[in-house]
Amino acid sequence: MIVLKEIVYKVSIEAVKGATDIAINAIDFDSRKIGSNDLFIAIRGTQSNGHDFIDKAIHQGAIAIVCDTFPAKIVEGITYIQVIDTNKALAFIAANFYGNPSHSLKLVGITGTNGKTTIASLLYQLFQKAGYQVGLLSTVKIMVDTIEYKATHTTPDSITINKYLREMVDSGVTHCFMEVSSHGIHQQRTEALQFEGGVFTNLSHDHLDYHPTFAEYRDVKKSFFDHLPKSAFSLVNIDDKNGIVMMQNTVSRKLTYALKSYANYKAQILESQMSGLLMKINDNEVWVRLIGTFNAYNLLAIYGTAVELGLDSFEVLRLLSELESVSGRFQYIVSNEKITAIVDYAHTPDALENVLKTINDIRTKNEQLITIVGCGGDRDKTKRPIMANIATTLSDKVIITSDNPRTEDPEVIIAEMEKGVEPQNFKKAVSITDRKQAIKTACQLAQPNDIILIAGKGHETYQEINGVRYDFDDMQIVKELLMQLGK
């Protein structure tokens with residue numbers, strides 16, 4: 001048990017009604033999870049307002065309430081703490097409740113539109129190979145050393161973050177690599193965490209369903225670096241024009257990486273093949289198993305981060321050569337008839353263009369490139385025609401299909417994508433709503449040596465339709481279909 005006044009340390013408090021020297025059993029912002037002698041934090045979310053559930057939380061056993069407005073009914077024996085911002089309060093409360101675990105390990109946050117999962121996951125892999133006990137908080141999974149947990153959000157809520165960080169510290173973990181999303185920063189889930197460093201990958205069109213403008217999206221990312229302490233480092237991709245913006249107001253140590261510009265960490269691609277890349281990093285050559293220019297940037301960010309965290313630069317190069325691609329990130333198989341099927345999480349215009357340009361750079365052009373692409377429902381609608389345009393411009397054939405339609409009609413999403421197909425590319429494109437049928441059609445069309453790109457879902461092993469998740473694994477399905485068709 002921990003005392004309430006200790007839990008609210010550093011929280012901006014407006015007013016208090018009741019005692020603060022009471023013992024708290026647990027904390028939560030979900031009234032359904034509240035039990036006897038718990039603290040309930042009322043959050044104003046995008047779907048619901050926690051202040052509407054204060055009575056329910058008290059009925060469930062809450063002994064204390066944190067809110068931004070006192071409720072009309074004050075219950076005797078319950079402590080109410082009014083704060084300016086309950087999201088920010090939750091971040092400090094969670095950190096205090098779990099003993100500020102981020103202070104006891106080296107936590108590095110990776111932010112940007114694309115590359116977060118790859119960089120965080122491969123840093124976890126690299127530091128494990130270097131003999132460290134490591135933690136990972138990513139879109140794909142959460143790792144506490146070698147124990148794996150399922151991830152539900154790119155950046156989990158403050159309670160979940162601190163709970164796993166506490167578990168990491170108790171397990172002897174010394175380094176943790178964490179994806180930091182714009183949602184997570186905006187909702188202040190990373191407040192109260194002590195970061196050893198921050199990495200910026202790039203910024204392109206995404207999440208404009210959540211952020212009203214691109215400028216706000218950029219500035220939210222920037223605020224992560226604004227809050228880094230002097231003791232931390234900022235490592236930014238200076239080839240992206242927004243890289244310099246990220247460093248404008250940070251007091252952290254400023255470092256850069258680039259393929260095209262002068263930077264602290266510089267790389268060149270010497271050879272690019274389907275089996276990997278030959279790179280020169282700060283004048284030393286290394287062969288890596290990852291593919292494409294976008295991965296050259298990712299690997300350079302990994303190299304820079306590892307060196308800044310104290311690893312020997314030559315040892316880091318050796319470890320880079322051993323790294324294996326992350327699930328659903330340019331993951332590929334080659335069938336008996338030499339048909340290459342690639343599954344990639346590319347779900348933004350920039351990511352899709354990067355993957356298609358990478359394939360086009362490597363291929364001989366004597367084969368077909370068949371792309372299967374969709375867009376998610378209940379998300380940024382403005383990118384739909386752009387993605388269809390990119391796919392049809394850079395592929396020989398395109399099948400526009402369903403991704404995760406969620407609560408939207410998949411045919412409406414497909415119709416919005418089709419608007420982006422230019423007249424000269426009409427003959428290249430066909431629309432098939434059923435995703436499995438779309439993959440089957442691509443497999444039927446593919447001839448020996450052809451390339452099939454299945455974009456959008458990557459590591460996801462489900463398809464979400466009207467609130468229900470159905471088993472759906474792009475890689476598993478394309479393997480099975482190629483086998484069934486004898487290809």
Side-chain angles (χ1 to χ4, degrees), residues 1-104 137 142 149 152-153 155-170 181 183-194 210 227:
M1 294 247 189
I2 187 168
V3 178
L4 178 59
K5 63 184 176 185
E6 294 171 1
I7 300 175
V8 294
Y9 176 62
K10 288 190 176 179
V11 173
S12 297
I13 296 172
E14 297 259 270
V16 178
K17 292 184 179 181
T20 59
D21 58 351
I22 54 174
I24 297 296
N25 186 43
I27 60 172
D28 218 303
F29 56 88
D30 185 340
S31 60
R32 295 166 297 185
K33 296 178 182 176
I34 291 293
S36 181
N37 296 325
D38 286 358
L39 168 65
F40 174 66
I41 304 99
I43 301 292
R44 294 184 188 273
T46 51
Q47 306 295 324
S48 62
N49 182 356
H51 291 74
D52 297 336
F53 300 94
I54 289 174
D55 286 346
K56 183 184 176 185
I58 293 169
H59 180 72
Q60 296 266 113
I63 196 172
I65 306 293
V66 169
C67 50
D68 59 33
T69 307
F70 283 134
K73 185 175 85 176
I74 300 296
V75 178
E76 189 70 32
I78 303 296
T79 299
Y80 297 85
I81 298 176
Q82 185 185 3
V83 300
I84 296 168
D85 182 336
T86 53
N87 274 307
K88 191 170 183 177
L90 173 64
F92 282 100
I93 288 166
N96 291 331
F97 185 81
Y98 285 101
N100 291 290
S102 65
H103 294 229
S104 301
L137 292 164
I142 293 166
Y149 297 94
T152 54
H153 295 80
T155 307
D157 63 81
S158 299
I159 295 174
T160 303
I161 292 169
N162 283 281
K163 184 183 99 171
Y164 282 117
L165 288 176
R166 178 77 262 157
E167 195 173 323
M168 288 177 199
V169 171
D170 292 346
S181 68
H183 293 67
I185 301 165
H186 189 252
Q187 293 169 18
Q188 306 197 71
R189 298 179 213 159
T190 55
E191 280 282 342
L193 298 178
Q194 181 172 290
Y210 182 87
H227 287 90

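The basis for the numbers below is simple: all heavy atoms, side chains too, and nothing from hydrogens, waters or symmetry mates. Everything numeric here is computed off the predicted structure, so don't read it as measured data.
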Roughly how far, to the nearest 0.5 Å, is the [atom2] atom of [Y] from the [atom1] atom of [X]?
| X | Y | atom1 | atom2 | result |
| --- | --- | --- | --- | --- |
| Asn96 | Ile2 | CG | CD1 | 7.0 Å |
| Asp157 | Lys163 | CG | NZ | 9.0 Å |
| Ile41 | His51 | CD1 | NE2 | 11.0 Å |
| Ile93 | Glu6 | CD1 | CD | 13.5 Å |
| Ile7 | Tyr98 | CD1 | OH | 10.5 Å |

With sequence neighbours left out, the residues meeting ring-ring contact (aromatic ring centres under 6.0 Å, His included) with Tyr9 are none

With sequence neighbours excluded, what pairs up with Phe40 under the ring-ring contact (aromatic ring centres under 6.0 Å, His included) test? none

Applying salt bridge (charged side-chain N to carboxylate O under 4.0 Å, His left out) to Asp170 and not counting sequence neighbours gives Arg166

Between [X] and [Y], which heavy-atom pair has the shortest distance, and what is it?
| X | Y | result |
| --- | --- | --- |
| Thr20 | Val3 | O-CG1, 3.6 Å |
| Ser102 | Ala192 | OG-O, 4.1 Å |
| Asp38 | Lys33 | OD2-O, 4.1 Å |
| Ala91 | Gln188 | CB-O, 3.4 Å |

Exactly one of Leu39, Leu90, Ile43, Ile13 should register a side-chain contact (heavy atoms from CB on, under 4.5 Å) with Val66. Which one does? Leu39

Out of Asn25, Ile24, Ile22, which one pairs with Asn37 under the side-chain contact (heavy atoms from CB on, under 4.5 Å) rule? Asn25

Would you say the side chain of Arg44 lies within less than 4.5 Å of the side chain of Thr69, judging by non-hydrogen atoms? yes

Hey, are the side chains of Ser48 and Phe53 touching, using non-hydrogen atoms and a 4.5 Å cut-off? yes

Side-chain donor-acceptor pairs under 3.5 Å in residues 57-65, sequence neighbours left out?
unit_1, atom_1, unit_2, atom_2, d
Gln60, NE2, Ser31, O, 3.4
Gln60, NE2, Arg32, O, 3.4
Gln60, NE2, Ile34, O, 3.3

Look at atom NZ of Lys56 and say whether more than 12 heavy atoms of other residues, nucleotides or ligands are closer to it than 6.0 Å. yes

If you apply the rule side-chain contact (heavy atoms from CB on, under 4.5 Å), what do you find for Leu193 with Leu165, and how did you get there? CA-CA 10 Å; Leu193 298 178; Leu165 288 176; 3.9 Å; yes

Donor-acceptor pairs under 3.5 angstrom involving side-chain atoms of residues 70-83: please list them, not counting sequence neighbours.
unit_1, atom_1, unit_2, atom_2, d
Thr79, OG1, Ala19, N, 3.3
Thr79, OG1, Ala19, O, 2.6
Tyr80, OH, Val75, N, 2.8
Gln82, NE2, Asp68, O, 3.2

Taking only residues two or more places apart in sequence, or in another chain, which ones meet Ala94 in a side-chain contact (heavy atoms from CB on, under 4.5 Å)? Ile27, Ser158, Ile159, Asn162

Is it true that a side-chain atom of Asp85 and a backbone atom of Lys88 form a donor plus acceptor pair closer than 3.5 Å? yes

